[in-house]
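Below is one structure, written out as structure tokens, with a few remarks after it.
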Amino acid sequence: MSDATDTPPFRYTAALADEIELRWQDFWDSRGTFHAPNPVGELADAAHPRAGAPKLHVQDMFPYPSGAGLHVGHPLGYIGTDSYTRYKRMAGYNVLHPMGFDAFGLPAEQYAVQTGTHPRVTTEANVERYRKQLRRLGLAYDNRRTVATTDPEYYRWTQWIFLQVYNSWYDDSVQRARPIAELIASYEAGERGEEWATLSDVERRRVIDGHRLAYVAEAPVNWCPGLGTVLADAEVTPDGRSERGNYPVFQRRMKQWLMRITAYGDRLVDDLDVMDWPEPVKLMQRNWIGRSSGAHVDFAVDDHTVTVFTTRPDTLFGATYMVLAPEHALVDQVVPAAWPDGTKDVWTGGHATPAEAVAAYRAQAAAKTDEERTADAKVKTGVFTGAYAVNPVNGARIPVFVADYVLAGYGTGAIMAVPGQDERDWAFAEVFDLPIVRTVQAPDGYDGAYTGDGPAINSDWLDGLHVAEAKAAMIERLEAEGTGKGATTWRLRDWLFSRQRYWGEPFPIVYDETGLPVALPESMLPVELPEVDDFSPRTFDPDDAASEPETPLSRAKEWVEVELDLGDGPKRYTRETNTMPQWAGSCWYELRYLDPHNDKVLVDPANEAYWMGPQSPGDCGGVDLYVGGVEHAVLHLLYARFWHKVLYDLGHVSSFEPFRKLFNQGYIQAYAYRDARGMIVPAYDVVERDGKFYLGDQEVFREYGKMGKTLQNVVTPDEMCEAYGADTFRVYEMAMGPLDVSRPWDTRAVVGSQRFLQRVWRLVVDEETGAVRVGADPADDKTRRLLHRVIDGVRADMEELRFNTAIAKLIELTNALTGLPAAPREAVEPLVLMMSPFAPHIAEELWAKLGHDDTLAYADWPVADPALLVADTVTYPVQVNGKVRGRVEVAADAGEDDVRAAALAAVAESLAGRDPRKVIVVQGRLVSVVV
RNA sequence: GUCCCCGUAUCCCAACGGCAGAGGAAAUGCUCUCAAACAGCAUCGAGUGUGGGUUCGAAUCCCACCGGGGACACCA
């Protein structure tokens, strides 16, 4: 062990980095360096250097603190926002950059079920570990503002928001939520019909409860026996399994809490237009919400009326048959005793009567899972019901089919089929030999269903109109005749909000003797989770669709049965024993950061307006930059937008969107290795030789995937800090590529970032003596010009989050300074300031060594001198027919004619007497000569 | 099947339509060392997935195809 003697005593090594980093972390903590002042309240501080400055609110999607701790992929976004906010703070902004923990959730609960350890114990330990890991990275959070969703002081307000939602209704006439008291007043004033006066108290409550934005309903839900809980649509994978645990999920009707997010469908779609979000995420939200506008059209089927939904009312003259979903309620009622005349053989499925055919088909459809239905989508199946419908616009009789390509849960569960303009209908019509009538003129030679625009044909009075006008004209006619109505349908359903779980927020709801819910008053919040011995919901055989949920809280009898005085004297009540889903706490945390300890209100309006309020007329307001993975594109981001809009409608916040700008960071993935038997081997022990990979002598094979236990390729920030220090780790993560691009982790390459920091260190500190060696002389002209070019470029890169190119420029400058006998202070100081967002500890240390006695966190960010950005002379390459044939150096301010003359002289030889046909001078760039 | 993103040196990545290289890694040589590691200095390198088109000029814009990643997938 002679390392210590051979390494220069003052070299920037991992050990020195460790010492510097821990010291500065303590310094920042003890000084409260990164505290951000609020306008009002406990966190206001008029003496703060950034009090009253322009604000910037930057936030990361907060983590679920898992038992495995962080790996190097997790902090990528955190380091990105930290670098950005450190830069913006130096550039003069009052920066809010908080961090918290999404601490309710299944893993801690499942661990509790297995081991009997209370989820709170596990969660707190995990949170503590995360805090330590994040602190070690030197992330400049305002730690006074941290939140954990499991903290009763936090979930008190989650419950409070639930009460706001519960105690309001959506007034369609003004397109916003209003207090439920206003609805009750309206009923009592007789503005909503006479009936109210005749109702009993209980009936009145039922009427009102039916309008609330949070309500209990018997609804089709996703019941997952394997987890013992119901799930939101978004938590179910397309193949009908639970996203967590991958258990089968069954459709069941159950009594559950729902939130009326569908009321906000229009605004959730429309407001996407004003937000600065990645287009793919906006698209995913639009798809998920699935707004489509068209019309409901009534078709007579014998004595019954079947209403269909269509987005193409303009094609009504081309409707040649009708389809009901197998589950449609009217199917049985329209089926006649025998096949009518004209029934084609392919329509019957080989059955003797319509009733048999329909029953057989329905049984067959019911037996299919959604997955099978989708997999079979290529081949259209169905059967004739024997009934005919009458097309309301032309009186045509069209056969009514049952087919599973029509979904019961969307629209009305019935369609008019227009094969000429719909690909699915076309495919069905071909199988069942049904007529095809084009009602939109297709291009010459077009085969198949034509869904594009064109003039209407075969459509009587619509002929000649284009699609958009034809739709409007048809809707107008249908409404006038009373056979239809313009309509909008949604794919989005109301949000299933209850879970049969222990480790979640209890509802602030009790039930009285009527069995109807009663909201607890704010004064009784928080409703804390009771202590229980058994955390597990009753789980079942994962395939037992008929099982019934039983919540863990229902077993805490002394908690469930309570005596309360809710205004009419002490009475017995029963508590709600479901808990809220994990999304609840993350639906509003961006607001609590603003005023984390306020026990009077969720957030003081002045603080909300400052940090998140609209910045200009029409601006939606919200967090200025929200960074996280794209996997939350619909779930979290849709739910949070919904809650925020409710709070906006009720006047609690001034912004109508929570996140003005969204940025999706990429992922750090890693190589994994399998041996010849296909077994994963620890990536850490694999070595590369001659392009092949070996574990010992055995060749192994490389693949690429997520970092994790199963692939045995986890690298932790702790290891990186130990081997190189946090600054090196941070610089490496920011330098390896653009923030939004996924890339492979390569531990071998980290050393490059360490060498960069070592070189900067050496510019300031003599490795042998530890003395400050920075030069006092002014920089030479060349160095000075480079410095200002770098200052200029780095600022632009920082603004655009292009950290990789910013770091490249800093390295370029460093390498230039390294070559000088003594690096001039004039260049070193800006370099230290500019590297500080990425490597804050070493930058602080060097800043101090350069003679500054306070943190550089509030030092002025360097500004480039424009005069030094323009060169004295410019070298123009001269192209002849696209090939570079010469170069000329001319004064930077030379006119175009001078440049042309010089250029032509320079390539006279190549021209060989030919006359240039054209000479193009690109100012400052090049000259192109065409002969 | 439809839509979106991406293909630049051995690898990760740069290049307002204007000389393909900012930066890092690897590799090679040298310095330091008894030796090695660290560190330092130097060297090495592709014509931009393929084929067309637009242009004086294309990695960049357009079209088609190939490869990789992602989203959606009977939503009437």
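Below, chains carry the letters A, B, ... as their sequence lines are ordered, and counting in each starts from 1.
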Please state whether the phosphate of B/G24, meaning OP1 or OP2, lies under 4.0 angstrom from any side-chain nitrogen or oxygen of A/Arg759.
yes

Ion pair present between A/Arg312 and A/Asp422, side-chain N to carboxylate O less than 4.0 angstrom?
no

Taking the nucleotide of RNA chain B with the nearest heavy atom to each, does A/Asp425 or A/Leu283 sit closer to the 5' end?
A/Leu283

Ranking A/Pro280 and A/Ser742 by the position along RNA chain B of their nearest nucleotide, the one closer to 5' is A/Pro280

With respect to the side chain of A/Ile920, which nucleotide from B/C19, B/G18, B/A39 is positioned closest?
B/G18

Is atom CZ of A/Arg493 surrounded by more than 12 heavy atoms (other residues, nucleotides or ligands) closer than 6.0 Å?
no

Taking only side-chain nitrogens and oxygens of A/Arg762, does any of them come within less than 4.0 Å of OP1 or OP2 of B/A39?
no

From the set B/A39, B/C19, B/C74, return the single nucleotide nearest to any side-chain atom of A/Val751.
B/A39

Which part of the nucleic acid, if any, lies within contact of A/Ile811, taking any heavy atom under 4.0 Å across all strands shown: a base, the sugar-phosphate backbone alone, or nothing?
sugar-phosphate

For the side chain of A/Thr818, starting at C-beta, report the closest nucleotide among B/C38, B/C41, B/G18.
B/C41

Identify whether the distance between the nearest side-chain nitrogen and carboxylate oxygen of A/Arg900 and A/Glu896 falls below 4.0 Å.
yes

With heavy atoms under 4.0 Å as the rule, sort A/Glu812 into base, sugar-phosphate or nothing.
sugar-phosphate

Nearest-nucleotide pick for A/Arg748, side chain only, options being B/A22, B/A39, B/A26
B/A26

Could you check whether the side chain of A/Arg743 and the base of B/C13 have a donor-acceptor pair of N or O atoms closer than 3.5 Å, going by distance alone?
no

Per atom distances to the A/Ser292 side chain, the nearest of B/A76, B/A25, B/C13 is B/A76

A/Asp404, nearest nucleotide to its side chain (from B/A14, B/A26, B/C74):
B/C74

